[in-house]
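A quick note: this is a predicted structure, and the numbers were derived from the prediction, not measured. Throughout, residue positions are numbered sequentially from 1 according to the sequence presented. Every number for a ligand or one of its atoms is a count from 1 in the order of the listing.
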Amino acid sequence: MKNNPIEVRNIQITDQKDWAAGVPAVASAYKNVSVKVGPIKGTKLLAQLNQIEGFDCPGCAWPDPLLKRSTFEFCENGAKAVADEATLKRATAKFFASHSIDDLKQKSDRWLNDQGRLIEPLLLAEGSSHYQPISWSNALTLIAGNLKKLTSPNQAAFYTSGRTSNEAAFLYQLFVREFGTNNLPDCSNMCHESSGVGLSETIGVGKGTVSLEDLEHSEAIFIFGQNPGSNHPRMLSSLQAAKRQGAKIVAVNPLDEAGLQRFKNPQEVQGVIGEGTALRDLYLPVKINGDIALLKGLCKALIERDEAGQEVLDKAFISEYCQGFSTFRQDILATSWEKIEHHSGLTQQQINQAADIACGSKKTICCWAMGMTQHKNAVANIQLMTNFLMLQGNLGKPGAGVCPVRGHSNVQGDRTMGIWEKPSKAFLDGLQQTYHFDVPTEHGYDSIETIQAMAQGQVKVFFALGGNFFRATPDHTATKQALANCELTVQVSTKLNQSHLYTGKNALILPALGRTEIDQQSSGIQTVTVENSMGVVQTSHGKIPPASNLLKSEVAIVAGLAQRTLENSQINWQHMQDDYRVIRDGIAQVVPGFENFNQRIDELGEFELPNAVRDKREFATQSGKANFVVHNIESILVPAGCLLMMTIRSHDQFNTTVYTNNDRYRGIYGSRRVVFINGDDLAELGFKAGQQVDIHSHWPNEKVKTRVAKDFTLVEYAIPRGCAAAYYPETNDLIPLSAVADKSNTPAYKSVVISVHKA
Ligand SMILES: Nc1nc2c(c(=O)[nH]1)N[C@H]1C(S)=C(S)[C@@H](COP(=O)(O)OP(=O)(O)OC[C@H]3O[C@@H](n4cnc5c(=O)[nH]c(N)nc54)[C@H](O)[C@@H]3O)O[C@H]1N2
Ligand SMILES: Nc1nc2c(c(=O)[nH]1)N[C@H]1C(S)=C(S)[C@@H](COP(=O)(O)OP(=O)(O)OC[C@H]3O[C@@H](n4cnc5c(=O)[nH]c(N)nc54)[C@H](O)[C@@H]3O)O[C@H]1N2
Ligand SMILES: [Mo]
């Protein structure tokens, strides 16, 4: 991809920050809404954010306190997400008439997003150079026509990004399954799929087992591979609450992220003027992908201490609720400290300090995010974390458990609603009994398989409910070609992004209402629901008039498409579009835990879903017990002169949406094309900080052995030797489609073998 030359230069590098939030966060929140939405409207919007009668934040999936909210229930980055959606700028038909696709391909992600909201349906017809307006009716008829032409429903794939409400997601999967396929890839395939797969095998539920209250009352919190200061800022308030109750916090991360060092809570006077609260008690600078070794070390320390006479393990829990302990114990004890130290990059002493914290706690929680899920052995990461907790009985009791911290605001809910290429039989049976059509039982394609199927001509229509599939997936070169093979690609979107530029032969943009906007249907203003990272279902009410009167809700788009595509359907799609309560009645019948759905949200606005592990210590695994699993330490081979690179988020982006080129906490201003490297590695490789380089990634078993990303500035940074970091999505083309996690098929975005070369 061609780089935008302006963004390569003018970089300013300052020191890394050692605290997060405080005044700069508040100032940034208000500045963002003031500039993009206007000071009065913007401030009013923030006051509605995450309130029971307000709207759910379109940012991350961090939960809100159950039934008791402060008047200030948002963070800097939530404000940025709101401002970005509620912006007053518009990408008009005139804009598209004056910018050809080739022209737009030269622009950066940031520039594209800055053009404002998409406000009318647009068609890029085969052979044409520009998008042109099309009516809704013609657009939906065009899609239906293409779908009906297919020789098998499996020739279409229907992607979802995690902002979609429960109502839209349920309706969407209902349409797709009545159409006849389980090709429902989603962003979760690239995100927490490894968590779902890992946890299902070990504890029988693919979700976390803790509530916000558990987190705030736990005695030890281990945070693996997560940067909450930027990506889940409201988590810092919960960590602060836990600290004040005496909890100890361990941060496991190749980077000593500012947000985990010290937190100045902007809601408190001390947070504004004082020193803030120190959060982490112990920082473990693990090597990239060194977590398996570290976790084995932690388990070893606990087992060895127990066998030396300290009461460390919860033997009653292990014997009553677990299976596989003796094999696990043998494997752990047979793993040498030497090997553990070598592969984790940590000393036995550091690991023992973490074990001291675990031993001093009766209630321990492990939190994690993408640093654990986006590696070849990601599923093993998750399983060992769970096993570490099981040793001390830290599952299914207050203050303890597993806490995968989800990304998109409703990614967990979308899965609960059936957005999944591998639906369970129970779910499909529920659909069939309620809606009386023959459900497809064959598993569908996930995100990576969808690209592969498009490349082979097996998928010809690609429909995306939100997201930026082209830019979020690895290997832009292959994905571009795969998409170009399609007869039709459709993006239901709020903002312009690169997926609108790398398309099939024909392409449509369908502009949708965002979370902040009033959703008016014929029965009145509609409420939607979402499920947060801790399994609480809550309502969301759009508050501002839509960006254009041509926008449709995702529900209306799906219902309109279903009516045109499924001529013999017995389902009353119009009725569901008119009144989302009807959709919720359907959800109540199909999805366990949603009984009396409408009544419950009418009464309280939110409710907690059942969780067998948390509520009853029941494990729905094949054995009916929580499983200990043996995993070997398999390090990635990094040849001399090479480094292992992770692709991460800056403080000023939401996934592929780039707000500015700054990363305040890491001290980077003015450019995203930077690569973070340890000073000793820089010297050893013969480079100096500030030099311009190209990044080469290496894939000895692939046809294309070297992939190149051009024009990056070297930044000297506190990162373990042998490791490097750069921002996503600028580096996604360095990763081939084959680099995925075992079992979950999640791209290994965080283990890329690279070398740097003078530009
Ligand atoms: N403002 C904002 N909020 C967001 C998002 C956003 O882009 N912007 N994205 C949303 C989404 S979809 C998601 S999934 C989440 C992502 O939230 P995070 O997972 O926090 O996001 P990443 O930047 O990918 O950060 C991964 C962290 O893992 C560390 N890491 C990388 N490799 C390893 C490893 O091998 N071991 C360990 N122990 N650590 C490692 C990195 O140093 C980094 O701190 O955030 C959500 N919230
Ligand atoms: N290298 C690398 N790649 C990664 C990752 C990584 O850490 N490293 N992380 C992965 C992860 S965790 C994820 S979740 C994926 C993210 O993948 P996606 O979810 O596909 O990408 P986003 O950037 O969140 O999508 C942004 C677009 O969504 C649209 N949008 C926003 N709000 C709405 C809405 O309310 N309705 C509709 N219909 N559209 C809306 C806008 O048009 C916007 O341009 O990326 C993955 N890719
Ligand atoms: Mo994500």
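- Between Val252 and ligand 1, a contact under 3.5 Å exists for at least one N or O pair.
- For atom 39 (N) of ligand 2, the closest non-hydrogen atom of the protein is Gly466 CA, 3.4 Å.
- Residue Ala369 places no N or O, backbone or side chain, under 3.5 Å from any N or O of ligand 1.
- Of all protein heavy atoms, the one closest to atom 18 (P) of ligand 2 is Tyr159 OH, 3.5 Å.
- Counting heavy atoms closer than 4.0 Å to ligand 2, residue Gln374 contributes side-chain atoms (C-beta onward) but none from N, CA, C or O.
- When the heavy atoms of Met646, Lys495, Gln498 are ranked by distance to atom 42 (O) of ligand 2, first place goes to Lys495.
- Those atoms of ligand 2 with a heavy atom of Asn497 less than 4.0 angstrom away are 27 (C), 42 (O), 43 (C), 44 (O).
- Counting heavy atoms under 4.0 Å from ligand 1, residue His375 touches it through the side chain alone.
- Heavy-atom separations between Arg649 and ligand 2 include at least one value shorter than 4.0 Å.
- Annotation: atom 8 (N) of ligand 2 to nearest protein heavy atom, Thr647 OG1, 3.0 Å.
- A side-chain donor-acceptor contact under 3.5 Å links Arg90 to the backbone of Thr87.
- Heavy atoms of Asp291 found under 4.0 angstrom from ligand 1 belong exclusively to the side chain.
- At least one side-chain heavy atom of Pro729 sits less than 4.5 Å from a side-chain heavy atom of Arg672.
- Counting heavy atoms under 4.0 Å from ligand 1, residue Asn77 touches it through the side chain alone.
- Looking from atom 37 (C) of ligand 2 to the surrounding protein, the closest heavy atom is Glu554 OE2, 3.1 Å.
- The part of Val286 lying near ligand 1 is the side chain, judged by heavy-atom distances below 4.0 Å.
- The protein atom (non-hydrogen) at minimum distance from atom 32 (N) of ligand 2 is Arg163 NH1, 3.0 Å.
- Closest to atom 15 (C) of ligand 2, if we only count protein heavy atoms, is Tyr728 OH, 3.6 Å.
- In this structure, OG1 in Thr164 is found 4.0 Å from CG in Leu465, a value given to the nearest 0.5 Å.
- Near His408, meaning under 4.0 Å from one of its heavy atoms, ligand 1 places the atoms 12 (S).
- Any N or O atom pair closer than 3.5 Å counts here, and Thr473 shares no such pair with ligand 2.
- The ligand atoms of ligand 2 that sit less than 4.0 angstrom from a heavy atom of Ser161 are 18 (P), 19 (O).
- With ligand atoms numbered from 1 in the order given, ligand 2 contributes 37 (C), 38 (N), 39 (N) to contacts under 4.0 Å with heavy atoms of Val492.
- Ligand-side atoms of ligand 2 in range of Cys187: 14 (S), 19 (O), range being under 4.0 angstrom from any heavy atom.
- Those atoms of ligand 2 with a heavy atom of Met370 less than 4.0 angstrom away are 12 (S).
- Residue contact annotation: His192 has no non-hydrogen atom under 4.0 Å from ligand 1.
- Of all the heavy atoms of Ser751, none lies under 4.0 Å from any atom of ligand 1, so neither backbone nor side chain is involved.
- The shortest contact between atom 25 (O) of ligand 2 and any protein heavy atom is with Gly467 CA, 3.2 Å.
- Contacts between Lys750 and ligand 1, counted as non-hydrogen atom pairs separated by less than 4.0 Å, involve the side chain only.
- The option with the heavy atom closest to atom 21 (O) of ligand 1, from among Asn231, Asn227, Val658, is Asn231.
- Among Leu734, Asp733, Thr494, the residue whose heavy atom sits closest to atom 41 (C) of ligand 2 is Thr494.
- At least one N/O-N/O distance between Thr656 and ligand 2 falls below 3.5 Å.
- In this structure, the ring of Tyr727 has its center less than 6.0 angstrom from the ring center of Phe676.
- If you check which protein heavy atom lies closest to atom 17 (O) of ligand 2, you get Ala472 CB, 3.2 Å.
- Contact annotation for Asn732 and ligand 2: only side-chain heavy atoms (C-beta onward) come within less than 4.0 Å of the ligand.
- Contacts of Glu257 with ligand 1, taken as heavy-atom pairs under 4.0 Å, involve the side chain alone.
- In the vicinity of Gly225, heavy-atom distances shorter than 4.0 Å reach the ligand 1 atoms 19 (O), 26 (C), 27 (C), 28 (O), 29 (C), 37 (C), 38 (N), 39 (N), 40 (C).
- With a 4.0 Å heavy-atom cut-off, ligand 1 is reached by no atom of His651.
- For Thr731, no nitrogen or oxygen atom sits less than 3.5 Å from a nitrogen or oxygen atom of ligand 2, counting backbone and side chain alike.
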